[in-house]
Amino acid sequence: MASTDKVYENTATESRSPAPPPATNLSGVDFTLRFLVFASTLTAFLVLVTSKQSEIVTIPVLLLQTVRSAKFQHSPAFIYLVVAMCVACAYSILTIATSISSIFKPSRPSKSLMLLVFFDALMAGIVASATGAAGGVAYIGLKGNSHVGWVKICGTFDKFCKHVGSSIALAVFASVLLVLLVMISTYSLYRRSR
């Protein structure tokens, strides 16, 4: 009788499903990414706002020299990027506070995670669209367009173009970070539903 009890005992332990893997806490990663979003959007904002340059330009038709300036305010796409960086920076400050609270109290309600997924995706879309618009205008400033008669300005306003390019690179970095945040929050929701 003892031998059959051992057989039943062995089959009972084999039929059990393996224990689920321990839940990993992604609060530290979430906080780090949100802080990097804050730092990159603030830096992109400051670099773009300080991008201005004045140069003496010769007008070939009139053989006249005049002072021309390049500022971010001269392009609606750059203004859009400034506003998007400002909004994303403010959003990241708010979400850093929620991330800090989740480090100390790890069990976030599913509703707050769902809101974070939604707003992170919204911010990623806003930042990416502003980056694309500013990148298109910056590319025309760098290369020009001979078909429509738009001349290159980066040969003349090199400092301005370097500021704009740096700001766009930081904005691309911020939008990638926001997509990573969407993925982390979605994974956390998925893990809770299992």
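Nothing fancy with the numbering, it's 1 onward along the sequence. This structure is a prediction, so every number in the text was calculated from the model and none was measured.
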* To do: Supply the atom-to-atom distance I184 CD1 to L113 CG, rounded to the nearest 0.5 angstrom.
  => 11.5 Å
* Asked: Can you tell me how far CD1 of I168 sits from CE of M85, rounded to the nearest 0.5 angstrom?
  -> 10.0 Å
* To do: Over all heavy atoms of both residues, which pair between L48 and F72 is shortest? Give the atoms and the distance, please.
  => O-CD2, 3.6 Å
* Asked: Can you pull the salt bridge (charged side-chain N to carboxylate O under 4.0 Å, His left out) pairs that have at least one residue in residues 117-131, sequence neighbours excluded?
  -> R34-D120
* Find the distance between CG (L116) and OG (S188) and round it off to the nearest 0.5 Å. => 9.5 Å
* Asked: In terms of hydrophobic clusters joined by side-chain contacts under 4.5 Å, are L33 and I93 together?
  -> yes
* Supply the atom-to-atom distance F160 CZ to K71 NZ, rounded to the nearest 0.5 angstrom. => 10.5 Å
* Scan for disulfide (SG to SG under 2.5 Å) pairs involving residues 165-194, sequence neighbours excluded, and state none if there are none. => none
* Least distance between heavy atoms, A77 atom then A133 atom -> CB-O, 3.7 Å
* To do: Verify, without hydrogens or angle tests, whether T43 (side chain) and S40 (backbone) share a donor-acceptor contact under 3.5 angstrom.
  => no
* Asked: To the nearest 0.5 Å, how far apart are OH in Y80 and OG in S75?
  -> 13.0 Å
* **Hydrophobic cluster identity match, L181 and L122, side-chain contacts under 4.5 Å** => yes
* Quick check: does any side chain N or O of S185 sit under 3.5 Å from a backbone N or O of V182, one acting as donor and the other as acceptor? -> no
* Asked: Between S167 and V164, is there a donor-acceptor pair closer than 3.5 Å when you use the side chain of the first and the backbone of the second?
  -> no
* Tell me, do M123 and V87 make a side-chain contact under 4.5 Å, heavy atoms counted? -> yes
* Look at the side chain of S99 and the backbone N and O of I96, then say whether any donor-acceptor pair between them is shorter than 3.5 Å. => no
* To do: Group every Ile, Leu, Val, Met, Phe, Trp and Tyr by side-chain heavy-atom contacts under 4.5 Å, then state whether L180 and F118 land in the same group.
  => yes
* Please work out which of the three classes, parallel, tilted or perpendicular, describes the rings of F119 and Y91, given edges at 30° and 60°. => tilted
* To do: Decide whether V47 and L177 are clustered together by the hydrophobic rule: side chain heavy atoms of Ile, Leu, Val, Met, Phe, Trp, Tyr closer than 4.5 Å, transitively.
  => no
* Is there a path from L81 to V83 through hydrophobic residues (I, L, V, M, F, W, Y) whose side chains come within less than 4.5 Å of each other? -> yes
* **Shortest non-hydrogen separation from S175 to V127 and the atoms involved** => CB-CG1, 3.8 Å
* To do: Provide the full list of salt bridge (charged side-chain N to carboxylate O under 4.0 Å, His left out) pairs with a residue in residues 37-48, sequence neighbours left out, each pair given once.
  => none
* To do: Check the angle between the aromatic planes of F35 and F38 and answer parallel, tilted or perpendicular using the 30° and 60° thresholds.
  => tilted
* Look up atom NE2 in H163 and atom CG in L46, then write down how far apart they are to the nearest 0.5 Å. => 11.5 Å
